[in-house]
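Input: a single structure, listed below in structure tokens.
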Amino acid sequence: MGSKALFFLAILAFSAVSGFAENEADPGLVMDFYKDTCPQAEEIIREQVKLLYKRHKNTAFSWLRNIFHDCAVQSCDASLLLDSTRRTLSEKETDRSFGMRNFRYIEEIKEAVERECPGVVSCSDILVLSARDGIVSLGGPYIPLKTGRRDGRKSRADILEEYLPDHNESMSVVLERFAAMGIDTPGVVALLGAHSVGRTHCVKLVHRLYPEVDPALNPNHVEHMLHKCPDPIPDPKAVQYVRNDRGTPMKLDNNYYRNILDNKGLMLVDHQLATDKRTKPHVKKMAKSQDYFFKEFSRAITFLSENNPLTGTKGEIRKQCNLANKHH
């Protein structure tokens, strides 16, 4: 064999070994990532979620909202959980994160995991898995999700508006934002089914009630909304809210779709979902079939959870979820 051929084979062999080593160092997201380094991790998170849900039922809404607000903003890296610093505003303190709370319970889960395996399990994996287990607590489907994320070191508050769709934006903008993450139209319709649980603060609703009632709203529902939101300019700190679904407010189910088809959607995005020609067929299908809703919801949550994660040597494993580690 000639020297050129031998050289070529040597290069190929080196490339294969390099590629193998790189993949060994960074397998990306995989099922049961912690099976060797912290075998009890997922069970600890699941048990903590059950315990916290038993004590504070509204935590499940928070965990579900966390995965959307974190993973939709450029990367699924727990940047949402970081506190503000002297130089940087945190994502959780922006206007778009209004009403988000219960972050301390993520810290409780993190502390429980740290007691078993210090410095091994990322806050971003805890955020994702607590959402998965919170969905089950609310009667939703169990969604097998991969792990292996690492934590970002900085807040993304400055770019949040570019990624998170607002409840008053057009359906075109909402669909475009999700499409950028690989989530298609039925996936968007299913994700918004998370509005089946929890509540909406009057601050987000009053533009549909004052100075005049939005004629698109079901008159039978308006009376309830006005009762819950009697002030045209509600106090953001006051406990003034409307349940997203009065029928089954604590259950993730397809009742939301029946409500919005009956013009009982609270926010503009809910109303648009039921009337836009691109989304309405899927709304009707989900209103008829909870299985279809759960199938598309599971698929969309999976896409969301895998949005541009930090893996391998990128990022870090935070000691506390609200603080980036100090580097000396």
So that I can tick it off, tell me whether [Y] and [X] are bridged by a salt bridge, with the cut-off set at under 4.0 angstrom between side-chain N and carboxylate O.
X: E316; Y: R153; result: yes
X: R278; Y: D276; result: yes
X: D77; Y: R156; result: yes

Task: Shortest non-hydrogen contact from L266 toward D270 - done: N-OD2, 3.5 Å

Open item on the list: Using the side chain to side chain contact (heavy atoms under 4.5 Å, CB included) definition, which of the options E47, Q48, K54 pairs with K50?
Closed with: E47

Check for a donor-acceptor pair, side chain of [X] on one end and backbone N or O of [Y] on the other, with a separation under 3.5 Å.
X: S155; Y: S79; value: no
X: N244; Y: S196; value: no
X: R149; Y: V128; value: no
X: Q74; Y: Y163; value: no
X: E91; Y: L160; value: no
X: H69; Y: K92; value: no

Open item on the list: Angle between ring planes, Y105 versus H56, binned at 30° and 60°: parallel, tilted or perpendicular?
Closed with: parallel

Task: Aromatic ring pairing H195/Y256, orientation class (parallel under 30°, perpendicular over 60°, tilted between) - done: perpendicular

Open item on the list: Checking N307 now: which residues fulfil side chain to side chain contact (heavy atoms under 4.5 Å, CB included) with it, not counting sequence neighbours?
Closed with: M181

Task: All side chain to side chain contact (heavy atoms under 4.5 Å, CB included) counterparts of L82, not counting sequence neighbours - done: R318, A324

Side-chain H-bond candidate by donor/acceptor type, [X] with [Y], under 3.5 Å:
X: H207; Y: D214; answer: no
X: R46; Y: S130; answer: no
X: S122; Y: S124; answer: yes

Open item on the list: Check whether F33 forms a cation-pi arrangement with K35 (NZ or CZ under 6.0 Å from the six-membered ring centre, at most 45° off the ring normal).
Closed with: no

Open item on the list: Using a 6.0 Å distance limit plus a 45 degree cone around the ring axis, check whether K284 lies over the aromatic ring of Y257.
Closed with: no

Open item on the list: Quick one, K264 with I260, criterion side chain to side chain contact (heavy atoms under 4.5 Å, CB included). Give me CA distance, side-chain angles, the key distance, then yes/no.
Closed with: CA-CA 5 Å; K264 292 177 181 176; I260 63 175; over 6 Å; no

Open item on the list: I need the K110 NZ to D125 CG distance, nearest 0.5 Å.
Closed with: 9.5 Å

TODO: Decide yes or no on side chain to side chain contact (heavy atoms under 4.5 Å, CB included) for W63 and N102, but give the supporting numbers first.
DONE: CA-CA 8 Å; W63 292 321; N102 295 327; over 6 Å; no

